[in-house]
Amino acid sequence: MRTRLRRLVVAAVALLTAATGTLPATASDRPQDRSRKEHPSAGGLSAVIRYTEYGIPHILARDYADLGFGTGWAQAADQVCTVADGFVTVRGERSRFFGPDVATDFSLSSATRNLSSDLYFRGVRDTGTVERLLARPAPAGPSRTAKELMRGYAAGYNAWLRQNRITDPTCRGAAWVRPITTLDVAARGYALAVLGGQGRAVDGITGAQPPATGTSTPSGAAPDPARTARAAGELFAADSADMGSNAVAFGGSVTANGRGLLLGNPHYPWQGGRRFWQSQQTIPGRLDVSGASLLGTPTVSIGHNAHVAWSHTVATGVTLNLHQLTLDPADPTVYLVDGAPERMTKRSVTVAVQGGVPVTRNQWWTRYGPVVTGLGSGLPLPWTTTTAYALNDPNSTNLRASDTALGFGTARSAAGVLDSLRRTQGLPWVNTVAADSAGHTLFTQSQVLPRITDELAQRCSTPLGRATYQASGVAVLDGSRGDCALGRDGDAVEPGIFGPASLPTLRNAPYAENSNDSAWLANADRPLTGYQRVFGTIGTARSLRTRGALEDVAALADRGGLSVRDLQRLQYANRVPAAGLAASDAAKACAALPGGTATGSGGQAVDVSGACGVLAAWDHKADTGSRGALLFDRFWRRIPTARQWKVPFSVADPVGTPRELDTDAPGFATALADAVAELRAADIPLDSPLGEHQFVVRGGKRIPVPGGTESLGVWNKVEAVWNPAGGGYTEVTTGSSYMQAVGWDGGRCPVARTLLTYSQSSNPASRHHDDQTRLFSGEKWVTSRFCEKDILSSPALRVVRVGDHR
């Protein structure tokens with residue numbers, strides 16, 4: 001039976017390979033009217049899907065439309081409810097199906113409620129924004145190949161819906177699970193592109209309304225520059241805590257065989273529409289790439305081919321800027337540029353609401369972008385009778401990320417990855433780290449940023465902008481001056497963004513590493529400097545995760561002789577950098593407390609004597625069996641940062657400073673007392689193993705989870721929900737997601753180990769709902785099956801030929 005199955009697969013491969021050169025014209029070769037774009041995609045597409053262990057699909061197709069078809073089909077099979085939910089979002093229909101006041105999951109924007117989300121995305125749809133981007137010729141717009149992938153994805157998703165019964169209780173029988181169009185797929189890509197710009201300010205865009213006219217004095221208080229600068233700094237620094245990543249590339253000079261190594265460890269949400277999904281995509285002779293895609297997208301975002309591997313980390317570049325508008329005193333919807341009045345464009349958007357009448361709201365747009373009244377609740381930007389703020393997001397014209405990913409998939413080297421970035425300029429908010437089989441490495445902050453030079457910020461910042469730019473990289477420019485336009489770089493694909501020559505890039509270093517700090521210390525021995533403030537800082541303190549990563553990575557590079565096995569060990573080392581800096585001092589200070597007691601924040605005396613020995617004996621790791629890790633974690637979260645260290649940061653020693661915990665500072669003993677009291681109140685022993693209280697529940701059973709939070713600096717990052725009544729950390733929100741350790745041994749197949757920590761399917765009825773999660777708990781990996789011989793030899797091989805049969 002097994003031999004017959006393999007023969008059938010080989011025959012399918014041969015058929016697809018032979019057919020590649022004789023296919024009929026694709027749909028993109030023929031004219032399409034606007035009405036067709038608004039109807040579900042269809043059209044005789046097919047693919048072969050070979051499933052191996054852990055439900056990983058290897059999608060084989062004749063062309064890009066068929067490849068998209070197989071990808072859409074396979075994603076729907078694993079994630080139909082999550083994918084469908086995202087399409088409800090980008091259609092602006094959450095209020096219709098779920099109610100206007102229900103909170104969103106923040107997967108595709110910062111909108112806090114469904115109504116705000118719908119007003120924004122329905123506005124995008126009503127104005128034909130995505131259609132215009134699809135119509136732009138490449139490279140400013142998506143290529144024909146990328147559009148064929150989108151078309152095929154929609155057709156494959158729809159075919160799965162027609163031919164299968166949904167078993168996931170999340171959406172079984174739900175009216176909101178419906179066929180999609182190519183436009184829906186493109187709109188989801190658009191939502192991901194603007195996450196750091198317009199998507200960050202959805203509530204402020206949809207809630208912006210002009211003040212009443214006829215008043216003699218301005219309404220609303222002007223933002224305080226110092227307070228706004230602090231808020232902006234906190235807002236943009238918080239990105240790495242919510243969603244970030246680690247990645248490191250090692251060059252041939254430090255590896256065992258002179259070839260490159262790549263470890264990717266993105267920290268992405270474990271639930272919702274920004275989950276990864278793993279696959280291999282193959283068009284014989286044209287594309288062969290393996291890795292992870294964000295749900296609802298048809299391309300591999302992070303992965304490898306036979307020659308090169310890459311990963312991404314969330315970058316520090318600020319993907320938006322503000323223009324402070326001077327308004328006509330007689331009409332707050334008119335602003336002045338070089339003394340001439342310009343009227344804002346009013347967009348009336350109507351949203352259907354569950355159980356109620358449709359809601360209509362106005363949005364106000366300018367030459368710079370939408371008027372916005374805040375970037376979250378902590379950063380208000382009042383619209384007064386004299387002043388308003390417009391948000392510029394250069395990614396609102398960027399639908400190029402699919403082409404960037406396709407370029408990665410066909411690249412034959414790290415230089416090829418960089419060439420794809422320079423040619424397409426499509427990545428909105430991430431860095432790229434890559435290594436190749438020839439031993440080359442790459443780090444580059446090749447992201448789409450507003451072209452805010454330090455000179456422009458100096459010349460055109462308002463008083464508010466002079467405070468925010470240095471503090472956070474957020475520029476607030478004088479919108480009343482035409483000479484404050486962003487301009488154009490000669491090598492940029494469009495005006496208003498930086499061209500490739502301006503982007504921080506490090507090539508062929510012995511190692512290149514990033515853990516969501518700026519580009520400055522991608523390699524501590526070869527610091528990058530000279531870039532503009534909007535990209536990030538230079539010569540400032542690094543996070544504990546960056547410091548720990550640089551210590552570990554540099555030590556490995558110094559040792560040399562590295563292999564994929566070293567990458568695997570690094571991923572699961574679970575070393576807690578904060579512990580190395582502070583745990584021993586904390587244990588000694590604990591033992592020195594008079595009577596073994598400390599005063600908690602509520603004024604109560606707490607016996608902390610039992611904590612001293614636990615902290616002293618702890619192995620300084622966040623393994624599931626580590627005793628003392630949970631106690632230190634709950635204590636460390638309470639340590640005040642104002643006087644945390646005795647030795648301050650020094651630019652001469654950025655990895656080693658700051659250091660030496662200040663145990664005499666107010667708050668140390670209080671933090672220890674509160675942590676001990678908290679664990680005792682929850683009946684958690686102070687020396688309990690971490691995994692007994694850091695876990696997820698799948699199928700009614702606990703699965704222990706290794707790793708630690710951002711503030712601890714653990715490479716294997718997990719951000720979990722604290723629920724002491726439920727036993728501790730009872731669910732993971734974000735953290736290690738699609739992990740890959742890739743190298744080469746001189747053969748035709750890369751040496752790759754992967755893991756999707758939360759598993760392929762969100763359907764609790766699927767056997768692939770928690771299988772890789774259990775591997776993650778045991779600190780194990782999946783051996784990648786990339787070459788045909790490896791796929792065909794899988795004991796779990798299952799072959800499905802899928803088509804658009806009606």
Side-chain angles (χ1 to χ4, degrees), residues 106 109-112 194-205 207-208 220-244 314-325 368-384 387-395 428-429 445 447-454 456-479 484 486 516-520 531-543 641-642 710:
F106 301 102
S109 83
S110 65
T112 54
V194 300
L195 267 176
Q198 291 182 14
R200 186 193 295 275
V202 167
D203 288 351
I205 293 170
D224 174 75
R227 187 179 301 114
T228 302
R230 286 193 299 272
E234 292 170 2
L235 176 66
F236 286 88
D239 283 354
S240 62
D242 297 333
M243 189 177 73
V314 175
T316 55
V318 178
T319 54
L320 61 83
N321 71 279
L322 298 168
H323 294 265
Q324 186 169 324
L325 307 178
Y368 306 112
V371 175
V372 61
T373 53
L375 298 176
S377 59
L379 212 165
L381 299 164
W383 187 349
T384 73
T387 304
Y389 298 87
L391 185 148
N392 171 54
D393 178 1
N395 286 293
W429 34 265
Q445 190 178 347
Q447 60 171 136
V448 177
L449 293 179
R451 189 181 171 278
I452 306 293
T453 64
D454 292 348
L456 178 66
Q458 175 66 31
R459 178 167 52 85
C460 287
S461 289
T462 66
L464 181 63
R466 284 193 285 274
T468 61
Y469 185 65
Q470 287 304 320
S472 66
V474 177
V476 184
L477 304 180
D478 187 345
C484 292
L486 272 58
N516 305 124
D517 270 312
S518 69
W520 177 44
Y531 49 85
Q532 309 296 321
R533 174 64 184 88
V534 70
F535 286 91
T537 59
I538 297 170
T540 61
R542 307 288 90 176
S543 71
T641 58
E710 177 72 22

Using a 4.5 Å cut-off on heavy atoms from C-beta on, say whether the side chain of [Y] contacts that of [X].
X	Y	result
Pro428	Gln447	no
Thr384	Thr387	yes
Arg200	Leu235	yes
Asn392	Leu486	yes
Asn516	Thr316	no
Tyr389	Leu325	no
Gln324	Tyr368	no
Leu391	Leu322	yes

Rounded to the nearest 0.5 Å, what's the gap from CZ on Arg533 to CD on Gln458? Could you check?
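Arg533 CZ to Gln458 CD: 14.5 Å, rounded to 0.5 Å.
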
Please round to the nearest 0.5 Å and tell me the distance separating atom CG of Leu320 and atom CG of Leu375.
6.0 Å

What are the two closest non-hydrogen atoms of [X] and [Y], and how far apart are they?
X	Y	answer
Val372	Gly374	CG2-O, 3.2 Å
Ala111	Val202	CB-CG1, 3.7 Å
Pro382	Pro223	CD-CG, 3.7 Å
Pro394	Pro450	CG-N, 3.5 Å
Pro380	Ser377	CD-O, 4.0 Å
Gly378	Ala231	O-CB, 3.3 Å

Main chain of [Y], side chain of [X]: is a donor-acceptor contact present, judged purely on distance under 3.5 Å?
X	Y	value
Asn395	Val448	yes
Gln198	Asp393	no
Thr453	Leu456	yes
Thr373	Trp383	no
Asp517	Ser543	yes
Ser109	Gly199	no

Between [X] and [Y], does any side-chain donor sit less than 3.5 Å from a side-chain acceptor?
X	Y	answer
Asp203	Thr112	yes
Asp454	Tyr469	yes
Arg542	Ser518	yes

Assess the residue pair Val474 and Asn321 against the criterion (side chain to side chain contact (heavy atoms under 4.5 Å, CB included)); give the C-alpha distance rounded to whole Å, side-chain angles, the decisive distance to 0.1 Å, and a yes or no.
CA-CA 6 Å; Val474 177; Asn321 71 279; 6.0 Å; no

Under the criterion side chain to side chain contact (heavy atoms under 4.5 Å, CB included), I'd like the reasoning laid out for Thr462 against Leu477: C-alpha separation, chi angles, the key distance, then a yes or no.
CA-CA 6 Å; Thr462 66; Leu477 304 180; over 6 Å; no

So does Arg227 have more than 12 non-hydrogen atoms from other groups sitting under 6.0 Å from CZ?
no

Would you check, one step at a time, whether the test side chain to side chain contact (heavy atoms under 4.5 Å, CB included) holds for Leu464 with Thr228?
CA-CA 8 Å; Leu464 181 63; Thr228 302; 3.7 Å; yes

